[in-house]
Every structure is written in C-alpha cells, then in structure tokens.
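Values below: every heavy atom of this structure, side chains too, minus hydrogens, waters and symmetry copies.
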Amino acid sequence: VFDVLRENDSLDDLIPKFTETRFTMGKIQEAQNALEKLGMPAQQQNELAALTLLVLAQISEDDPWRSAEAARLGIAEMIGEMNERYDRDYAENTRESVRKHAINQFVQGAIAERNPDDPTLPTTSPKTHYALTDEVLQVLRKYGSDTWEEALAGFLENQRTLIERYERKRDRERVPLTVNGEEYRLSPGEHN
C-alpha cells in the first residue's frame with residue numbers, strides 16, 4: 001500500500017499523520033513459535049507456556065533473544081515475573097496450571113530442569129525451583145538469527161538423548177524402597 005501511495009505521490013497528501021510501520025511478532029508469539037519448533041505439544045504452545053518460557057529466560061518484550069539468561073525460579077516467582085514483565089494478572093491459584101500445563105512438560109522435554117543446583121530437594125519443598133537447561137538456553141539465544149535453524153536442528157537431533165540424561169539424573173536422586181519383595185523408587189523428601 002505504501003509503495004503504491006509513494007509511486008503516485010499521494011502519501012503525504014492523503015494521510016499526512018499516518019506513518020509507515022512494520023508488524024512483527026511480539027515476544028509471546030515468538031515464544032509460542034519457539035516452543036512449537038522445540039517439539040512441545042500443542043497444549044504447551046499457549047500463552048501461559050510461552051510466558052513461562054520467557055520468564056525462565058528472563059526475556060521482556062524489548063529484550064533480544066541473545067540476552068536470554070538461566071533464571072532459577074519457583075512457580076510463584078514465575079507468576080510474579082509474568083505479571084511484572086508482561087502485565088498479566090495471574091493470581092496465586094494459577095500455580096497449579098503453570099506446573100501442570102507448562103513446567104511438567106518442559107522438564108519431560110529437556111526444556112527445563114527441576115532443582116538443577118540441588119536435585120535432592122523434594123517436589124513438595126517450598127524451595128523447589130526450575131531453570132532452563134543449558135542446551136535449550138543456547139538454542140533460544142539464537143532465535144531469530146541466521147544460526148537459529150542450525151542450533152534448533154542440533155537440539156532436536158539430541159533431544160531424546162537429553163531427555164534420557166535428565167531422567168537418569170532425576171532417577172539417581174530417588175530413594176529405593178522394597179515392600180514385599182517389590183522395589184519402588186520414591187522422590188526425595190520426608191513425606192515419602
């Protein structure tokens with residue numbers, strides 16, 4: 001439209017206060033796209049999952065992806081960051097939705113890790129926190145760059161191996177319990 005208006009010397013005469021703009025995806029849409037490309041199921045490509053990814057990467061709307069950092073946040077802290085960085089008004093009772101519809105799948109897909117600096121913390125600990133894995137952080141820092149596709153392909157090629165590696169790490173911290181000759185492996189914590 002602007003090209004046609006310019007060719008006819010009509011841009012300033014017809015709409016003098018109208019300025020040309022370029023429409024780009026916002027960070028939430030970019031995060032949804034990244035989650036899709038990282039292999040997350042459709043249910044984990046919604047706004048809440050995208051916001052979870054963004055706050056774990058410490059990315060605000062105007063931040064470039066290359067500045068992504070690995071924050072270690074609990075669920076309540078994530079919700080606070082979503083409210084602060086993206087002006088969302090999620091209540092405290094949203095914690096279970098974040099856990100069930102984003103974090104659990106992020107952990108299963110080698111996108112995030114639970115208690116990376118202290119895997120012995122029980123799931124029910126108030127100190128439980130999550131962080132992006134180093135591998136996905138390196139990929140996210142390349143989002144939108146010329147090297148994004150290559151980094152993404154490398155991650156996806158190794159994702160099964162990464163998932164297995166993080167599962168083994170979680171399993172090492174489990175507490176063995178034998179009852180009537182059958183062995184169970186419980187997550188750490190006094191309740192188990």
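T128 has its side chain out of reach of I75: every pair of non-hydrogen atoms, C-beta onward, lies at least 4.5 Å apart. Looking only at side-chain heavy atoms (C-beta outward), E69 and L137 stay at 4.5 Å or farther from each other. F106 places a side-chain heavy atom less than 4.5 Å from the side chain of M40. Between V55 and E84, the closest side-chain pair of non-hydrogen atoms is not below 4.5 Å.
Panel note: side chain K27, backbone D63; a donor-acceptor pair is recorded below 3.5 Å. Using a distance-only test at 3.5 Å, with no hydrogens or angles considered, no donor-acceptor pair links the side chain of Q44 to the main chain of A102.
D62 and S60 share no donor-acceptor pair across their side chains, judged by distance under 3.5 Å alone. Side-chain polar atoms of H129 and N115 form a donor-acceptor pair below 3.5 angstrom.
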Could you check L140 against L53 for side chain to side chain contact (heavy atoms under 4.5 Å, CB included), going step by step and ending with a plain yes or no?
CA-CA 10 Å; L140 289 175; L53 180 72; 3.8 Å; yes
List the steps, then state whether side chain to side chain contact (heavy atoms under 4.5 Å, CB included) holds for I103 with M78.
CA-CA 11 Å; I103 285 295; M78 288 180 216; 3.7 Å; yes
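Within the structure, the salt bridge (Lys or Arg N to Asp or Glu O under 4.0 Å) test picks out the following pairs touching residues 96-107 (sequence neighbours left out): E96-R99.
The pair E47-R88 meets the salt-bridge criterion, since a charged nitrogen lies less than 4.0 angstrom from a carboxylate oxygen.
No more than 12 heavy-atom neighbours from other residues, nucleotides or ligands sit within 6.0 angstrom of CZ on R66.
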